[in-house]
Amino acid sequence: MRIPRNADTDRAVLHYVLDGRCRLTAAGTAPLDLAGGDLALLPAGARHRLAARPGAPGAPRSDPGVVYENGPGAAPVVRRYELGGPGPPVRLLSARLAPDRGTAVLVAALPRALALSRGRIEEDPLLRATLRLLAAPGRRPGPGDRLLALRAFETALALAAAPPSRRPCHSGLARALAAVEDRYAEPWTVTGLAREAGMSRSAFTAAFHEAVGTSPARHLAARRMREAARLLAETSLPQSAVPARVGYHSRAGFHLAFRTAHGTTPGEYRAAAPRRGTPDAQRGGADTFRHGPGKVGE
């Protein structure tokens with residue numbers, strides 16, 4: 001599988017190995033041997049090749065159809081691949097995105113291609129949680145995919161550039177982050193999240209900000225707004241029911257939070273969505289959560 005630069009703008013590329021082993025080669029840098037759980041990062045979108053083993057042709061054997069797109073006719077943001085070649089299958093989750101200009105200096109200082117091992121990813125609860133969310137089996141496309149891919153890229157970039165003493169090592173944060181990702185509609189408080197992490201409130205708040213770059217309350221609010229956007233764009237769940245589904249009892253509070261996060265009202269966001277889903281938003285799975293209060297207690 002050969003992936004060239006975008007014709008009109010350089011895009012960062014991520015490859016997250018789900019299963020198997022493969023090799024990434026790019027001009028001007030040493031080959032990278034990758035195994036399950038490893039992440040390859042091409043900060044400037046350098047032309048490169050992925051092969052299931054050295055010397056293999058590197059063509060995708062199949063594309064299972066889990067393809068996330070920006071919109072009609074747009075290039076995929078995130079998609080899955082299975083590399084061809086003899087031996088066990090190699091499955092990858094790959095993302096292409098245009099990073100923020102603020103990362104340009106850091107990108108210029110890093111190699112054209114680099115890898116983060118599974119062990120290093122485990123050290124960072126935010127990166128680990130983001131990659132697992134993107135790679136979740138059966139995960140459906142949504143308007144939050146671009147933000148998730150961008151968050152994974154920026155977190156991986158910071159981890160690659162950080163000295164070992166600056167890497168987060170608070171294993172309890174992973175549990176708190178997973179709770180926010182999967183159970184965002186519950187009535188969380190900072191104290192409750194700290195309890196989930198097995199830490200004191202003050203230690204949790206400090207460690208969370210160091211690892212994630214924002215407060216627990218802001219992070220939870222962003223997760224709720226991302227799910228609200230998905231429900232509005234992809235389902236026909238009544239707009240009046242969306243606030244409770246993402247943890248808000250106050251419609252006014254939800255409306256204000258949504259407009260702050262997305263720059264538009266919920267109604268305008270739904271109207272601008274290219275298409276809606278079917279009225280199945282009440283089914284179980286990732287859409288079923290308990291309803292909590294509208295904001296996190298500080």
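Numbers here simply count residues along the sequence, with the first being 1.
- For the atom pair CG (Leu24) and CG (Leu42), the distance works out to 5.5 Å, reported to the nearest 0.5 Å.
- Ala95 approaches Ala149 most closely through the heavy-atom pair CB-CB, 4.2 Å.
- Asp38 and Arg118 are not joined by a salt bridge, as no carboxylate oxygen comes within less than 4.0 angstrom of a charged side-chain nitrogen.
- A donor-acceptor distance shorter than 3.5 angstrom exists from the side chain of Arg80 to the backbone of Ala135, with no hydrogens or angles considered.
- Looking at Leu92 and Leu18, their side chains never come closer than 4.5 Å, going by heavy atoms from C-beta outward.
- Going from atom NE2 of His255 over to atom OG of Ser250 covers 11.5 Å, rounded to the nearest 0.5 Å.
- Between the side chain of Arg96 and the backbone N or O of Gly45 there is no donor-acceptor pair closer than 3.5 Å.
- Electrostatic pairing of Glu181 and Arg226 counts as a salt bridge here, judged by a charged N lying under 4.0 Å from a carboxylate O.
- In this structure the side chain of Val17 reaches within 4.5 angstrom of the side chain of Cys22, judged on heavy atoms.
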Worked verdict on Glu82 versus Val90 for side chain to side chain contact (heavy atoms under 4.5 Å, CB included): CA-CA 5 Å; Glu82 185 174 309; Val90 181; over 6 Å; no
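- In the model, Thr130 has a side-chain atom that pairs as donor or acceptor with a side-chain atom of Arg151 under 3.5 Å.
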Criterion side chain to side chain contact (heavy atoms under 4.5 Å, CB included) on Phe254 and Arg259, from CA distance to verdict: CA-CA 9 Å; Phe254 168 78; Arg259 184 163 194 142; over 6 Å; no
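- The side-chain heavy atoms of His48 and Thr25, taken from C-beta on, include no pair separated by under 4.5 Å.
- For His219 and Phe208, the ring centers are positioned less than 6.0 Å apart.
- Between atom CG of residue Leu34 and atom CG of residue Leu32 there is a gap of 6.0 Å, rounded to the nearest 0.5 Å.
- Pro89 is not listed as a side-chain neighbour of Asp19, based on a closest heavy-atom distance of 4.5 Å or more.
- Summarising the geometry of Ala197 relative to Ala176, their closest heavy-atom pair is CB-CB, 4.2 Å, with the distance given to 0.1 Å.
- Rounded to the nearest 0.5 Å, atoms CG (Leu157) and CG (Leu150) are 10.5 Å apart.
- Of the possible donor and acceptor atoms, one in the side chain of Arg270 sits under 3.5 Å from a partner among the backbone N and O of Leu232.
- One N or O on the side chain of Arg112 and one on the backbone of Ala27 form a donor-acceptor pair closer than 3.5 Å.
- With hydrogens and angles disregarded, a donor-acceptor distance shorter than 3.5 Å links the side chain of Glu268 to the backbone of Thr265.
- Taking the side chain as every heavy atom from C-beta outward, Leu231 and Arg245 approach each other to under 4.5 Å.
- Relative ring orientation between Tyr269 and His262 is described as tilted, the plane-to-plane angle lying within the 30° to 60° band.
- The shortest heavy-atom contact between Arg21 and Ala35 is NH1-CB, 3.7 Å.
- Between Glu227 and Arg224, no side-chain nitrogen of the basic residue sits less than 4.0 Å from a carboxylate oxygen of the acidic one, so the salt-bridge criterion is not met.
- A donor-acceptor contact shorter than 3.5 Å links the side chain of Trp188 to the backbone of Arg183.
- Within the 4.5 Å cutoff, the side chain of Arg128 has no heavy atoms near those of the Leu126 side chain.
- The CD1 atom of Ile121 sits 5.5 Å away from the OH atom of Tyr16 when rounded to the nearest 0.5 Å.
- Residues Leu41 and Leu116 form no side-chain contact, since every pair of their non-hydrogen atoms from C-beta on lies 4.5 Å or further apart.
- Considering every non-hydrogen atom in both Ser94 and His15, the closest pair reads OG-ND1, 2.6 Å.
- Taking 4.5 Å as the limit, some side-chain heavy atom of Arg251 sits within range of a side-chain heavy atom of Ser240.
- Although no hydrogens or angles enter the test, the distance criterion places no donor-acceptor pair under 3.5 Å between the side chain of Arg223 and the main chain of Tyr184.
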Side chain to side chain contact (heavy atoms under 4.5 Å, CB included) between Leu50 and Arg23, worked out: CA-CA 6 Å; Leu50 282 166; Arg23 171 169 286 188; over 6 Å; no
Residues Thr205, His209; criterion side chain to side chain contact (heavy atoms under 4.5 Å, CB included); working and verdict: CA-CA 6 Å; Thr205 301; His209 197 283; 5.7 Å; no
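- If you take CZ on Phe204 and CD on Glu196, they are separated by 9.0 Å, rounding to the nearest 0.5 Å.
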